[in-house]
Amino acid sequence: MTIPYLPLTAGLKSLTVRAIDRSGRSGAQSRYDFNVKPGRAPVARWKLDDPAGSRAAAAETGTAARAGTGVTFGGPAPAGTGATATVGLDGSGHGFLTTDAPVADMRTPFAVSAWVRPAETDRNMTVASQDADGKPAFSLGLRSQNPGPGWSFAIGGARVSGGAPEIGEWAHLLGLYDAETGRAHLYVNGHEVGTAAEAAPAGTAGAFQIGRARGTNGYRDRWHGDIGDVQVHDRVVVPSEVAELARHKPELLGHWSLENAVDGTSPEQSDRAPLRLGTGASIYRGSDSSCLPELDPDCPYMPPPLVGEGHLSLDGETGYAAADGPVVDTGDSFTIGVVVRLADSEPAHPMTVLSQAGEHTDVFKVRYEPSTYAWQLVMPEKDEVGAPEKVVSQITGADGGEGQGHRLAVVYDDGTDTIKLYADGYTSAEATASLPDGRHSSGALQIGRAKAGDGWGEYLHGDVDEVQAYSGALRDEDVTGLGFGTDPCLC
């Protein structure tokens, strides 16, 4: 009897077995320890970062791919991926790269992946394929369909579709065929989409293609847009590896510890733009060593700051701090964290701790809503006053000026079209929602107030500390490191 087992991680594994006969009697138990090596490197990889003017793509492994005249090297790369350049394909009959030989063995497990950015989405387009008899043995790409375009992986008459391609937006695609289960899978931006399909691959194998697919009368479904880092594996790529291949490593945009202020501004840790303090905002430092209550009964007790040696104190009427402009690009993935403590135990009205506005309204804001005893992340669906809003929340009681406050974080992942609100390192289903289209904002990052018509409102009465902003979506394990005075290791 054979029982297939696919280890999902490398390292020491243990297998415990026991024989049971038809009458239900059990034999002795045996244990087997074995070590699983990391998965093999790809059998073929084209980083597609060759110099502008190249006429072939060098292979890190495998065979170089010759390029048609409709291929332009030296294009932009997706941020935070390690890629330095990509190729642009013009969608014409000359926009392709090919090895002129097979790469994927269709009789065994294989996976093909790439970073892609379409210039159009209203027709079928191929990222990668391999020739068979008058058709592709497999194809990975974009398919125009109702109700809207989707990413697609097709093999042996089976097709898996999912995701939502957007013009000018980077996505990571991976198509996988598992020969053990006979199923095809599609991953978009590190997440499996669609429904795995039973597949029977073609027996013949022709040349590997980038940017086009074989048809009865020649090549078709030519790619128009950018492609980078094409990889082919001769094995199953497990989910954790897929997520790592698709990862955008976030970049720190600003970290304000709010421990001091000079001339009404509080500095950023790496000498980026400071935060400007408005009337009603001040830096609280606590007691100094010259006055110790435990030794001097006349020395008043002063509680310690939230984090480190100081925090921002806001009066709830006019107090705020602001950057000179937008800090995070709200049209792309971003993360922003803050430590906040409310001064009131029963706030009389909503109070905003973070916001960044568009032309007419806040593109996002994080506020406390006393009627529901919850922190809310509010993101309107349009830059219009009164537009429908996406609201997610985390229930927490108001602090009443006591305790260490709460570590809040907002994560918008443009790759998965989701927004999340974290409280003290954790999120939940109620704190997560879909947001298909992020909107760019032009307004400055605000600490302690929100846009209200032509002015400002929802002023925060309380304390704020450790404002940290990133381009890119931090992972759950990274979010838990926000708010402690240091920046988490984004390894």
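Nearest heavy atoms, A398 versus P347: CB-CD, 3.7 Å. Residues D229 and R45 share a closest heavy-atom pair of OD1-NE, 2.8 Å. Across all non-hydrogen atoms, the minimal contact from E166 to P436 is OE2-O, 3.5 Å. Closest approach of E169 to R117, counting heavy atoms only: N-CG, 3.6 Å. Here the shortest heavy-atom pairing between D465 and S257 reads OD1-O, 2.6 Å. Closest approach of S442 to P326, counting heavy atoms only: O-CD, 3.5 Å.
Taking the side chain as every heavy atom from C-beta outward, E389 and Q376 never approach each other to under 4.5 Å. You'll find the side chain of S113 reaches within 4.5 Å of the side chain of H172, heavy atoms only. Between W456 and T318 the shortest side-chain heavy-atom distance does not fall below 4.5 Å. Looking at heavy atoms from C-beta onward, L252 lies in side-chain contact with R272 at the 4.5 angstrom threshold. In this structure the side chain of T9 never reaches within 4.5 angstrom of the side chain of V36, judged on heavy atoms. I227 places none of its side-chain heavy atoms less than 4.5 Å from the side chain of W46. Counting heavy atoms from C-beta outward, L408 and Q394 have side chains that stay 4.5 Å or more apart. E268 places none of its side-chain heavy atoms less than 4.5 Å from the side chain of P274.
We find the CG-CZ distance between D362 and R449 to be 10.5 Å, quoted to the nearest 0.5 Å. A distance of 11.5 Å separates CZ in R183 from OH in Y177, rounded to the nearest 0.5 Å. Distance CD/E369 to OG/S393: 10.0 Å, rounded to 0.5 Å. With values rounded to the nearest 0.5 angstrom, L258 atom CG is found 11.0 Å from S282 atom OG. Rounding to the nearest 0.5 Å gives a distance of 8.5 Å between CG of L174 and CZ of F153. Atom OG1 of T335 and atom CZ of R475 lie 11.5 Å apart (nearest 0.5 Å).
Checked by atom type and distance alone, the side chain of R439 pairs as donor or acceptor with a backbone atom of P380 at under 3.5 Å. Between the S161 side chain and the G150 main chain, no donor and acceptor come within less than 3.5 Å of each other. For K47 (side chain) and A83 (main-chain N/O), no donor-acceptor pair under 3.5 Å exists by modelled atom type. Looking only at distances, a side-chain donor or acceptor of T427 sits under 3.5 Å from a matching main-chain atom of L421. Side chain of T432 to main chain of K420: no donor-acceptor pair is present (N/O by atom type, distance under 3.5 Å, no hydrogens or angles). A donor-acceptor pair is defined here as one N or O able to donate and one able to accept, closer than 3.5 Å; no such pair exists between the side chain of T372 and the backbone of I395. With S266 contributing its side chain and N260 its backbone, the two residues share a donor-acceptor pair below 3.5 Å. For the pair D424 (side chain) and R407 (backbone), a donor-acceptor distance under 3.5 Å is present. Judged by distance alone, the side chain of E381 and the main-chain N or O of A387 form no donor-acceptor pair under 3.5 Å. At distances below 3.5 Å, at least one donor-acceptor pair connects side-chain atoms of D383 with backbone N or O atoms of T361.
No donor-acceptor contact under 3.5 angstrom links the side chains of D315 and Y459, judged on distance only. For the 3.5 Å distance criterion, the side chains of Y412 and D414 qualify, holding a donor opposite an acceptor. Side-chain contact, D122 with S144: no donor N or O sits under 3.5 Å from an acceptor N or O. A donor-acceptor contact closer than 3.5 angstrom is absent between the side chains of T16 and Q29. There is no side-chain donor-acceptor pair under 3.5 Å between E466 and H311.
Just one residue in the list I336, V327, D329 forms a side chain to side chain contact (heavy atoms under 4.5 Å, CB included) with Q356, and that residue is V327. Partner of Y368 under the side chain to side chain contact (heavy atoms under 4.5 Å, CB included) criterion, out of L460, T396, T352, V353: T396 alone.
Within 6.0 Å of CG on D454 lie no more than 12 heavy atoms contributed by other residues, nucleotides or ligands. The number of heavy atoms from other shown groups lying within 6.0 Å of CD (E198) is above 12. Atom CG of D263 sits in a sparse spot, with 12 or fewer heavy atoms from other residues, nucleotides or ligands closer than 6.0 Å. Within 6.0 Å of CG in L15 there are more than 12 heavy atoms belonging to other residues, nucleotides or ligands. Counting heavy atoms of neighbouring residues, nucleotides and ligands inside a 6.0 Å radius, atom CD of E346 does not exceed 12 of them. Other residues, nucleotides and ligands contribute only 12 or fewer heavy atoms inside 6.0 Å of the OH atom of Y32. Residue K13 places its NZ atom among more than 12 non-hydrogen atoms of other residues, nucleotides or ligands, all under 6.0 Å distant.
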*Please test R341 against D463 for salt bridge (charged side-chain N to carboxylate O under 4.0 Å, His left out), starting from the C-alpha separation and ending with a verdict.*
CA-CA 5 Å; R341 178 175 61 196; D463 305 318; 2.9 Å; yes
*Check the pair W151, V116 against side-chain contact (heavy atoms from CB on, under 4.5 Å), reporting the backbone distance first and the verdict last.*
CA-CA 11 Å; W151 299 112; V116 301; 3.6 Å; yes
*Could you go through the side-chain contact (heavy atoms from CB on, under 4.5 Å) check for D226 and V87 one step at a time?*
CA-CA 6 Å; D226 303 309; V87 295; over 6 Å; no
_Run the side-chain contact (heavy atoms from CB on, under 4.5 Å) test on D33 and R31 for me, step by step, so that the C-alpha distance in whole Å, both residues' side-chain angles and the decisive distance to 0.1 Å come before the verdict._
CA-CA 7 Å; D33 295 325; R31 170 174 167 153; 2.9 Å; yes
*Take D417 and L435 through the side-chain contact (heavy atoms from CB on, under 4.5 Å) test and state the conclusion after the steps.*
CA-CA 5 Å; D417 293 330; L435 189 74; 5.8 Å; no
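Classification of the F364-F334 ring pair by plane angle, with boundaries at 30° and 60°, yields tilted.
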